[in-house]
Protein chains: 2
Amino acid sequence: MRQAEFDREQVLRSALKAFLNKGYGKTSMQDLTKATGLHPGSIYCAFGNKRGLLVASVEQYKADRDAQFAATFPSDAPVLPCLKRYLDELVNECHSCDSSRACFLVKALNEMADQDAELQAELSTSLESWQAALEAQIQRAKDQGELAADKNPAVLARYLVMGIYGLRTYAQTHPQREVLQQLADQLYLSICH
Amino acid sequence: MRQAEFDREQVLRSALKAFLNKGYGKTSMQDLTKATGLHPGSIYCAFGNKRGLLVASVEQYKADRDAQFAATFPSDAPVLPCLKRYLDELVNECHSCDSSRACFLVKALNEMADQDAELQAELSTSLESWQAALEAQIQRAKDQGELAADKNPAVLARYLVMGIYGLRTYAQTHPQREVLQQLADQLYLSICH
DNA sequence: GACATTCTTGAACGATCACTCAAGAACTTT
DNA sequence: AAAGTTCTTGAGTGATCGTTCAAGAATGTC
């Protein structure tokens, strides 16, 4: 017996970065071997093919984001300050130079949806569960009296998701911190009134 | 002398549709010859190369959108009803089956920005001038007393652009009319208070 | 109707792509 | 330390890509 020599999570994060930089279609296997340090044969042994590496990268991304989400919204804390911090972190991420301004799920969806129905379905349900998690937090805020009783959490969550999509897109032409921060603040106020 | 046999505008709209369907990278010249009815040589004669066809398509798209914008915002009409109608048309467009849910400018920007700085700059300025046109309308609404005097047109226009980006992205996973219409209405209210 | 000019046609080219596989390297077991 | 097993290596494969170009078709001029 002999164990594989690479760290799967690290490989997936490297691949993800490569995909984010160039997009799936224009990331060649050569790019991926350089980014991950793995040779073609190893990649095909571990992930089947290029698409398999993308799928695995998506899952890793999802897991990382879920962990980050849970850390930002502790279950015993007031919700609205956490939401504010969540948006501030989003602004930071969009402002930073590395090309993680776009959400990987949305970017993959935009590029692949027309040609890969299966992947589209998986990405859609991931985004759906993210929206559901936001909705649950808004519901909790309502239950705790942080939000007016006449608010509809489902509607607010949808609007919030739309706003975050828009913010990430806007950041691609306007990465200036002040602009993004102002937009995020307006979005926050739209939710809280 | 002999004139070219194809209608340039129609060719560009066909090419644009092909690019929108598959994305620039995955639209092959074979796809483009089929979509436009032109043979490779004719395309290269008229537009230089594949990228040239994209650039020309972008310009055609821009011109078409500008005309549509001018038609939606007549200079002698009240602004807010026009804005409402503008958003309703957007909902219609996102709801329709053909794959024009994404703005071509944004789609191209997302796919090409990292690899084509020149195109990125052109797309950015196009989007900028669109935002400026929206800002001018909002300013006019303010001047005509349709909006409160303490509103900042530049800030509102930015927020509106962000919201439209978000709506178009949201439509890619949720093309249902009711959902999109509700989001558009919320966005409209965020602008008008 | 014949010549000159321009446009159209589509087969062919080099480059690049995702992917394969047989040989060598490295680790575990005995 | 030697054998056995698994992982690693990277040159090679067929397919597809964007692009070219020389020959043929169609138009305008005399």
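Lettering of chains follows the sequences in order, A, B, ..., and the numbering in each one begins at 1. What you see below is based on every heavy atom in this structure, not just the backbone, and it leaves out hydrogens, waters and symmetry mates.
- Residue B:Pro40 places its side chain closer to C:dG10 than to any other of C:dA18, C:dC17, C:dG10.
- Here A:Ser42 lies in heavy-atom contact (under 4.0 Å) with a base.
- Checked by atom type and distance alone, the side chain of A:Arg177 never pairs as donor or acceptor with a backbone atom of A:His95 at under 3.5 Å.
- As judged by a 4.0 angstrom heavy-atom cut-off over every strand, A:Thr27 is placed among residues touching the sugar-phosphate backbone only.
- Shown here for A:Leu32 and A:Ala18, the closest heavy-atom pair between the two residues is CD2-CB, 4.1 Å.
- Atom CG of A:Leu53 is separated from atom P of C:dC17 by 16 Å (rounded to the nearest Å).
- Rounded to a whole Å, the OH atom of B:Tyr24 is 14 Å from the P atom of D:dC17.
- The distance from atom NZ of A:Lys50 to atom C1' of C:dC17 is 8 Å, rounded to the nearest whole Å.
- For B:Gln30 and D:dT16, the CD to P distance is 9 Å, given to the nearest whole Å.
- Comparing A:Gly48 and A:Lys26 against DNA chain C, the residue whose closest nucleotide sits nearer the 5' end is A:Lys26.
- Taking atom CZ on B:Arg51 and atom C1' on D:dC17, their separation rounds to 18 Å, with Å as the unit.
- Other residues, nucleotides and ligands contribute only 12 or fewer heavy atoms inside 6.0 Å of the CD atom of B:Gln30.
- Within the structure, a side-chain polar atom (N or O) of A:His39 is placed less than 4.0 Å from OP1 or OP2 of D:dG10.
- For D:dT19, one of the phosphate oxygens OP1 or OP2 lies less than 4.0 angstrom from a side-chain nitrogen or oxygen of B:Tyr44.
- Residue A:Ile43 contributes atom CD1, which lies 11 Å from atom P of D:dT8 at whole-angstrom precision.
- Distance, B:Phe47 CZ to D:dT19 P: 14 Å, rounded to whole Å.
- Nucleotide D:dT19 holds its P atom 12 Å from the CG atom of B:Leu54, rounded to whole Å.
- A:Tyr24 carries A:Lys50 over the face of its six-membered ring, with the cationic atom under 6.0 Å from the centre and within 45° of the normal.
- The CG atom of A:Leu16 sits 12.5 Å away from the OG1 atom of A:Thr36 when rounded to the nearest 0.5 Å.
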